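Worksheet: one structure, shown below.
Just so we're clear, the structure is a prediction, and the values are computed from it rather than from any experiment. Keep in mind that the numbers below use all heavy atoms, side chains included, and drop hydrogens, waters and symmetry copies. So that the names make sense, note that chain A is the first sequence line, chain B the second, and so on, each numbered from 1.
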Amino acid sequence: WKHIDGSVERHKDREKRKEEKVQRTRSLIKLHFNTLSKCTCSHLLIFYRSEYKIKRIKVESVKKGIKRKQKEEYDEGEDKHKKKCKDKKTGDIAGKKKVKKEPEEKWKWWEEERYTDGSKWRFLEHKGPVFAPAYEPLPEHVHFYYEGKMSNLSPPAEEVATFFSKMLDHEYTTKDIFRKNFFKDWRKEMTSEEKSKITDLKKCDFSEMSQYFKAQSEARKQMTKEEKLKIKEENERILEEYGFCVMDNHKERIGNFRIEPPGLFRGRGDHPKMGMLKRRIRPEDVIINCSKDSKHPKPPPGTRWKEVRHDNKVTWLASWTENIQGSIKYIMLNPSSRIKGEKDWQKYETARRLKKCVDHIRAQYRDDWKSKEMRIRQRAVALYFIDKLALRAGNEKEEGETADTVGCCSLRVEHIKLYPELDGQDFVVEFDFLGKDSIRYYNKIPVEKRVFKNLQLFLENKQAEDDLFDRLNTSILNKHLQELMDGLTAKVFRTYNASITLQQQLKVLTSPDENVPAKVLSYNRANRAVAILCNHQRAPPKTFEKSMQSLQSKIDAKKQQLFAAKKELKVAKSESKSLHDEKSRKVVETKRKAVQRIEEQLMKLEVQATDREENKQIALGTSKLNYLDPRISVAWCKKWSIPVEKIYNKTQREKFAWAIDMADEDFEF
DNA sequence: CGCCACACTTAGCAGCGCTTGA
DNA sequence: TCAAGCGCTGCTAAGTGTGGCG
């Protein structure tokens, strides 16, 4: 796919583009100079940043010349070396050597060649995961009571009891399934004596334990600055030691280097396994993955790893099997890493390829609505939903193992309602089902007559709990998509539709003469359109009403202030008219400025209020992070001279460093 | 073809620390 | 300077999709 995204060409005229970039930055700074009087503090900061950047670019381009030469020599050497390695089937020795030469500046992996043989790395070294701290038994004075009588628990039983006591305030400790599952698993940890005594959860009193933990967390909050700093430093030390690995010559940040601590499982939605005990993971459960010639991570003293393997066809550093669902958990790299970034980039390139053939695919599935074969009609209607409504594919799930949620292919009869006519619209389909994370999808949309007739056909002679698409599943659908385009799967439609919507909405919503905050609001609105499409919801923040009210009162106060200021201006004006002296003219001028300033502040507040209100139940983060080609946003920022910091925070900028570096203002998704 | 194991992406939420504004 | 509230970050659950096997 190197050719598909044109990275070969990109490489050639990189120098030219770099020069252009410098020019752009220069003109940007000029622009900032011109508007300096209007600048707020944050603008100034950004201005300084851009100036800093320009200096760096200059120095770097001088350095680059030398560096490139060195790199070419190195690459040549490495090529030879690689061949040798392949012959002997040894690992990557060169990788180890170059680590020390790690350059100060950020590594631009996107300017390098990718592996084409399916391997993910040549060299991988890390320190292994960090385990959850051992259980600390409760102090003597904290008791557990059964039937009102004080009783001490054995440490294993006590530990599980503490998990429950920490959750007492949560609603789910009142749920039957939760309590049942918890009690069953708790009893497994008890001694036979405890088991025979403790037979009813209702007779258990955890309140003293609960109080103790509340006091503990209160004490943590009350800690002095020094104590807090000490903890912070210790965390930083652990991060420095365990939070990074070396992968192919580069130090990379690990995403989750801590093993999940034991606790009570809380699934989302109506989960049949809620309350079950999530076991403590020991070194003996953990498989380590690293390269043969690396310094292998050491298991904690007196323990051993389950296995140490050297599989460079996968990206994980460590894995273990979790006991609730029996699924495998992994330790992997941070999104800013090469291995994640390349994949992310590739995802958007696939979506861009879909853009080129989507018209054809749409024509095709519309045609298939008329097919003689039921399975083809079902496939075509499902695909239409996935395309139009950005539904997820909908794999089958094991019944009783997870919450009852569905996606497109697993929709059941009970999840849709057909209305030949509704609110003046023809052929309306009403969707109402729980999707991923048990988030409700509710939508009423008019569809084409043919789709409607097909749906009626699919529903014939079926019960509520029967599958809507009984001749279809995700693997059939994806196999079909694979034939239409290389690399095409159901989820590519979500990516494609999200990104194209953002691009198109940005075009519609951005008005050139608006100021920066107004443009950012437009961006958020475009982002919101995507979030609505993808049904990314959130619980309204607990303090929403309150904070909205306080914002409103601020606005009201501002309005009052504006009114007063205008009045003062009027008075000053009339005074100045009659007096005709320099002093009164100056007063008018200052009053005028005050009015202007207050007007600006008011507008800013109003923009903020609108933005927040519209965002009440919609989460923008997920689409920004997973569905929107970052190059669209970066291009938009460059086009309108919006600092990219307004759109992406630090973490996001790290994840999208590739896009920030490579996208020009004329990037087209 | 169906099933399962596995790898990897996508998802919402809680808690905490930093920013903001009085 | 300090409290309030907001945004960030980490956490981990819950999806998607592939490939191998019988």
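Spacing between atom CZ of A:R538 and atom P of B:dA14 amounts to 13 Å, rounded to whole angstrom units. Atom-to-atom, CZ of A:R266 to P of C:dA13 comes out at 12 Å; the value is rounded to the nearest Å. Distance CD1 (A:I259) to C1' (C:dG10): 16 Å, rounded to an integer number of Å. Distance CE (A:M332) to P (B:dC6): 13 Å, rounded to an integer number of Å. Here the P atom of nucleotide B:dC8 and the OH atom of A:Y330 are 7 Å apart, to the nearest Å. As rounded to whole Å, 15 Å separates atom C1' of B:dC13 from atom CG of A:L625. Atom C1' of nucleotide B:dT9 and atom CG of A:D629 are separated by 16 Å, given to the nearest angstrom. Between the CZ atom of A:R268 and the P atom of C:dC11 there is a distance of 14 Å, rounded to whole Å.
Sorted by first and then second residue, the salt bridge (Lys or Arg N to Asp or Glu O under 4.0 Å) pairs involving residues 262-276 of chain A (not counting sequence neighbours) are A:R268-A:D437, A:K273-A:E401. Listed by first then second residue, pairs satisfying salt bridge (Lys or Arg N to Asp or Glu O under 4.0 Å) with a partner in residues 467-487 of chain A read A:K462-A:D470, not counting sequence neighbours.
For A:H415, there are no ring pair (Phe, Tyr, Trp, His ring centres under 6.0 Å) partners two or more places apart in sequence or in a different chain. Taking A:Y348 as the reference, nothing meets the ring pair (Phe, Tyr, Trp, His ring centres under 6.0 Å) condition, with sequence neighbours excluded. By the ring pair (Phe, Tyr, Trp, His ring centres under 6.0 Å) test, A:F431 pairs with A:F385, sequence neighbours left out. Under the ring pair (Phe, Tyr, Trp, His ring centres under 6.0 Å) criterion, A:Y330 pairs with A:W316, sequence neighbours left out. Under the salt bridge (charged side-chain N to carboxylate O under 4.0 Å, His left out) criterion, A:E240 pairs with A:K251, sequence neighbours left out.
Within 4.0 Å (heavy atoms only), A:R440 reaches no atom of the nucleic acid at all. Residue contacts shown for A:K479 are absent, as no nucleic acid heavy atom lies under 4.0 Å away.
Of the residues in residues 377-398 of chain A, those lying under 4.0 Å from DNA chain B by heavy-atom distance are A:R392. Listed in residue order, the members of residues 488-496 of chain A having a heavy atom less than 4.0 Å from DNA chain B are A:K491, A:R494. The stretch residues 310-329 of chain A touches DNA chain C through A:Q325, A:K329, each having a heavy atom within less than 4.0 Å of the strand.
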Heavy atoms under 4.0 Å is the rule here; annotate nucleotides 17-22 of chain B 5' to 3' with B where the base is hit, S where only the sugar-phosphate is, and - elsewhere.
-S----

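Listed pair A:T622 / B:dG12 meets the phosphate criterion, a side-chain N or O lying under 4.0 Å from OP1 or OP2. Contact between the side-chain N/O atoms of A:K347 and the OP1/OP2 oxygens of B:dT10 is found at a separation under 4.0 Å. Distances shown here put a side-chain N or O of A:T405 below 4.0 Å from the OP1 or OP2 atom of C:dG15. Distances shown here put a side-chain N or O of A:N649 below 4.0 Å from the OP1 or OP2 atom of C:dC8.
Under the 6.0 Å cut-off for aromatic ring centres, A:Y242 and A:F257 do not qualify, their centroids lying 6.0 Å or more apart.
For the helix from B:dC1-C:dG22 to B:dA22-C:dT1, the angle separating the two terminal helix axes comes to 20°, with each axis derived from five pairs and the value rounded to 10°.
In terms of position on DNA chain C, the residue among A:N256 and A:Y648 whose nearest nucleotide sits closer to the 5' end is A:Y648. Heavy-atom distances to DNA chain C give each of A:H271 and A:Q482 a nearest nucleotide, and the one nearer the 5′ end belongs to A:H271.
Residue-to-nucleotide contacts include a donor-acceptor pair under 3.5 Å from the side chain of A:K436 to the base of B:dT10.
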